[in-house]
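So that the names make sense, note that chain A is the first sequence line, chain B the second, and so on, each numbered from 1.
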There are 2 protein chains.
Amino acid sequence: MQAGFIDGGTILANIKDIAKHLGVSVSTVSRAMNNHPDVRQETKLQVMEAIRYFNYRPNALAKGLIQKKTFTIGLMVPDLSDPFPTSLSNAVEETLFEQGYQVVFGNGNRNSEKEKQFLQSAIERQFDGLILTPDFLDDEFIELLSSLEIPIVFLRRRPPEGLSIPYVDVDHYQAATVSMNYLIELGHRQIGFIGMPQSSFIGNERLRGYTDVMRKNGLTPEAGHMIFGGRTIESGREAMGKLFGHNPDLTAVFAANDLLGIGALEWLAMHDIPVPEKVSVIGFDNLEYAGLYWIQLTTMEQPRREMGRRAAQLLLQMIADKEYTPESELMEARLVIRRTCKARLTP
Amino acid sequence: MQAGFIDGGTILANIKDIAKHLGVSVSTVSRAMNNHPDVRQETKLQVMEAIRYFNYRPNALAKGLIQKKTFTIGLMVPDLSDPFPTSLSNAVEETLFEQGYQVVFGNGNRNSEKEKQFLQSAIERQFDGLILTPDFLDDEFIELLSSLEIPIVFLRRRPPEGLSIPYVDVDHYQAATVSMNYLIELGHRQIGFIGMPQSSFIGNERLRGYTDVMRKNGLTPEAGHMIFGGRTIESGREAMGKLFGHNPDLTAVFAANDLLGIGALEWLAMHDIPVPEKVSVIGFDNLEYAGLYWIQLTTMEQPRREMGRRAAQLLLQMIADKEYTPESELMEARLVIRRTCKARLTP
DNA sequence: CTGAAAGCGCTTACAG
DNA sequence: CTGAAAGCGCTTACAG
């Protein structure tokens with residue numbers, strides 16, 4: 001029951017084949033497919049049947065070319081192998097899919113060139129909108145951005161100054177003060193900080209939360225109590241080693257993300273330093289890892305699904321009304337108390 | 001220095017604007033852009049400059065429509081939140097990107113409808129090829145597949161009978177015999193099996209490895225030693241509970257994937273049953289999790305990057321030569337010995 | 001080396 | 001309710 005070859009020529013049916021087969025015009029077929037009101041019910045039914053018979057699918061390129069709308073949205077993620085953004089991407093994808101959009105993932109790959117190429121590709125392919133998590137906001141990238149007339153929202157990143165692009169992010173500073181206050185309340189005073197690369201905006205916001213809370217409590221954030229450089233388990237392990245080597249009197253550590261926190265826990269476990277009895281550790285992100293039986297990391301949970309959904313919704317609004325630039329959204333992280341933090345024994 | 005508005009009309013420059021601006025024909029601009037040999041060097045340079053000036057990017061829809069080639073490839077993954085496929089997808093993406101292709105991720109979502117919709121979308125959007133990991137091979141899906149004339153390769157799945165679609169997968173049966181032989185060599189005789197849902201081809205291949213090696217060693221795979229149903233940590237935990245509850249004399253467990261294995265380890269840890277002293281556990285996949293300090297799961301590593309790369313290469317070949325259907329590839333998994341398996345003490 | 005023309009597969013005013 | 005025609009933004013024989 002397959003059409004396969006039509007008139008011994010074309011491989012796949014197009015709208016012309018359908019029209020010819022039914023003895024109607026191409027316009028009529030088009031209208032019938034798109035539920036145009038001005039089509040006789042009978043005609044519509046015939047068209048539907050012919051479509052089934054020929055296994056016809058309209059060519060989205062032709063459609064997009066003429067309608068100037070592709071129902072395609074680009075979603076740039078910094079690193080496909082980073083576990084953090086997946087549930088976020090999932091939420092973006094679901095929200096957009098419900099509205100008939102296909103989302104195209106772009107692998108930024110923590111690589112400036114790839115990020116730019118993704119933008120280029122998005123322009124050439126006429127995407128309807130873009131959700132971006134760029135790591136490299138150099139001049140060239142910003143110029144590219146500003147030359148675009150596609151709706152854009154930033155996710156987990158702040159847009160460069162001067163561009164009115166809305167963003168969705170967590171208030172990292174505020175969240176960091178929450179976790180720091182928690183440690184302070186538990187009685188900790190000697191608190192270390194394991195940070196991401198200092199080029200990271202997010203990392204710096206969390207650091208700012210750390211230093212501010214320290215100062216507010218009359219404590220000096222000492223250079224020797226802070227260490228920067230990575231975002232992986234391995235670098236967390238290393239950092240913990242250095243930190244504790246220089247400051248064996250630390251009673252708590254604030255790790256700027258869970259991977260770093262888990263690395264810290266590994267180092268402490270390897271050196272038989274009991275957590276939380278001797279050292280408390282708090283992370284940030286609430287990755288799946290954090291809940292493992294052996295880890296049970298106390299951490300700040302980012303509302304990942306909500307962030308993804310919200311970013312998608314903002315974008316949808318912008319697409320619906322091109323004049324409108326919605327407000328950015330700063331969401332709150334939530335303290336998830338597990339088993340790596342404990343009140344310091346008052347001496 | 002931005003063009004922005006051209007002739008107070010169009011927003012974005014197109015090839016016509018460039019041509020008009022230079023006083024040459026559209027064909028000449030097209031040829032200059034595409035490095036056609038028959039273009040004067042000087043003309044080419046002028047075109048290049050105009051392109052820069054207008055910030056012009058060719059419309060990929062128009063290009064695709066006429067060239068019948070979109071440089072777009074669809075990659076279906078079963079579940080965006082599953083940690084297993086990411087490095088695999090990464091390798092696919094890298095390989096394809098090098099050759100100028102954009103890959104579009106499709107979220108199968110372990111949902112039959114979404115898988116079909118992705119195929120439909122791929123047809124409409126004229127993708128050049130497809131890498132598929134479908135979970136639902138019902139009749140409708142198979143018919144859809146066979147009506148396609150796009151090159152397809154299956155990744156981590158076997159194509160339905162009758163369709164000559166090449167695939168790339170690990171030899172799960174062979175790998176399972178490797179891990180089982182390892183347990184047998186360690187002296188284990190009472191070996192349990194924690195399996196995936198019985199609808200899973202992969203799960204059944206691993207099960208077959210288990211039962212065959214048991215039988216070859218004169219052991220009977222007892223129904224009470226096997227348990228099926230999930231692929232998550234939680235279901236591994238549950239399964240281990242049931243298994244051990246009924247068979248406290250088990251000395252080893254073969255978990256059909258790492259998540260199940262980790263769940264099993266959790267249950268054992270929660271019940272103070274020492275691993276590997278009392279019970280050995282072996283997994284399958286070698287997820288990142290498996291290497292965590294507290295887990296150190298002995299497991300079978302799948303060559304994920306190679307699988308992804310290979311699938312992409314096969315597809316590229318098929319795209320280059322549409323007549324050619326390459327051989328499928330069955331790769332070998334590798335035993336990664338960590339700390340969850342130990343020789344059984346001979347009584 | 002360059003241009004005019006046809007055409008890719010659709011949609012959409014415009015007429016009737 | 002339906003059809004003929006123009007057009008979306010390109011590429012590519014065909015002529016010159």
Review point. Under 6.0 Å from the six-membered ring centre of A:Phe71 and within 45° of its axis: does the NZ or CZ of A:Lys69 meet both?
Key: yes
Between [X] and [Y], do the side chains contain an N or O donor and an N or O acceptor separated by less than 3.5 Å?
X	Y	value
B:Thr86	B:Ser89	no
A:Thr72	B:Arg125	yes
A:Asn107	B:Asn90	yes

Practice item. Taking atom CG of A:Asp321 as the centre, report whether more than 12 heavy atoms of other residues, nucleotides or ligands fall under 6.0 Å from it. Key: yes
Point to revise | Complementary nucleotide of D:dC14, counting Watson-Crick and G-U pairs under 3.5 Å | key: C:dG3
Look at [X] and [N] and indicate whether a side-chain polar atom (N or O) is within less than 4.0 Å of OP1 or OP2.
X	N	result
A:Asn59	C:dG9	no
A:Gln67	C:dT12	yes
B:Lys68	D:dT11	no
B:Asn14	D:dC8	no

Protein-nucleotide distance ([X], atom [atom1]; [N], atom [atom2]), rounded to Å:
X	N	atom1	atom2	value
B:Ile15	D:dT12	CD1	C1'	12 Å
A:Phe71	C:dC10	CZ	P	17 Å
A:Lys63	C:dT12	NZ	P	9 Å
B:Asn35	D:dT11	CG	C1'	15 Å
B:Ile123	C:dC10	CD1	P	13 Å
A:Lys20	C:dC10	NZ	P	13 Å
A:Leu61	D:dC10	CG	C1'	12 Å
B:Leu22	C:dT2	CG	P	11 Å

Study note, to complete from the structure: Checking D:dC1, C:dG9, D:dC10 against the side chain of A:Thr43 (C-beta onward), the nearest is D:dC1
Check your understanding: What's the closest nucleotide to the A:Ser30 side chain, out of C:dT12, C:dG9, D:dT11?
Key -> C:dT12
Practice item. Evaluate the side-chain proximity of B:Ile202 to B:Arg157: yes if any heavy-atom separation is below 4.5 Å, no if none is. Key: yes
Review point. Do A:Leu144 and A:Gln120 have side-chain heavy atoms sitting under 4.5 Å apart?
Key: yes
Review point. B:Ala62 or B:Arg40: which one's nearest nucleotide on DNA chain C is closer to the 5' end?
Key: B:Arg40
Revision key, fill the gap. DNA chain C nearest-nucleotide lookup for B:Leu65 and B:Gln41: closer to the 5′ end is B:Gln41
**Study point:** Candidate pair B:Arg110 and B:Asp135, rule salt bridge (Lys or Arg N to Asp or Glu O under 4.0 Å), full reasoning
**Key:** CA-CA 6 Å; B:Arg110 303 217 180 268; B:Asp135 275 324; 2.7 Å; yes
Exercise for review: Could you tell me whether A:Asp38 contacts a base, only the sugar-phosphate backbone, or nothing, with contacts defined as non-hydrogen atoms closer than 4.0 Å?
Suggested key: base
Atom pairs under 3.5 Å: protein N/O with N/O of nucleotides 3-7 of chain D:
residue : atom : partner : partner atom : Å
D:dG3   : OP2  : A:Ser25 : N            : 2.9
D:dG3   : OP2  : A:Ser25 : OG           : 3.1
D:dG3   : OP2  : A:Thr28 : OG1          : 2.6
D:dG3   : N7   : A:Arg31 : NH2          : 2.6
D:dG3   : O6   : A:Arg31 : NH1          : 3.1
D:dG3   : O6   : A:Arg31 : NH2          : 3.1
D:dA4   : N7   : A:Ser27 : OG           : 3.4
D:dA4   : N6   : A:Ser27 : OG           : 2.9

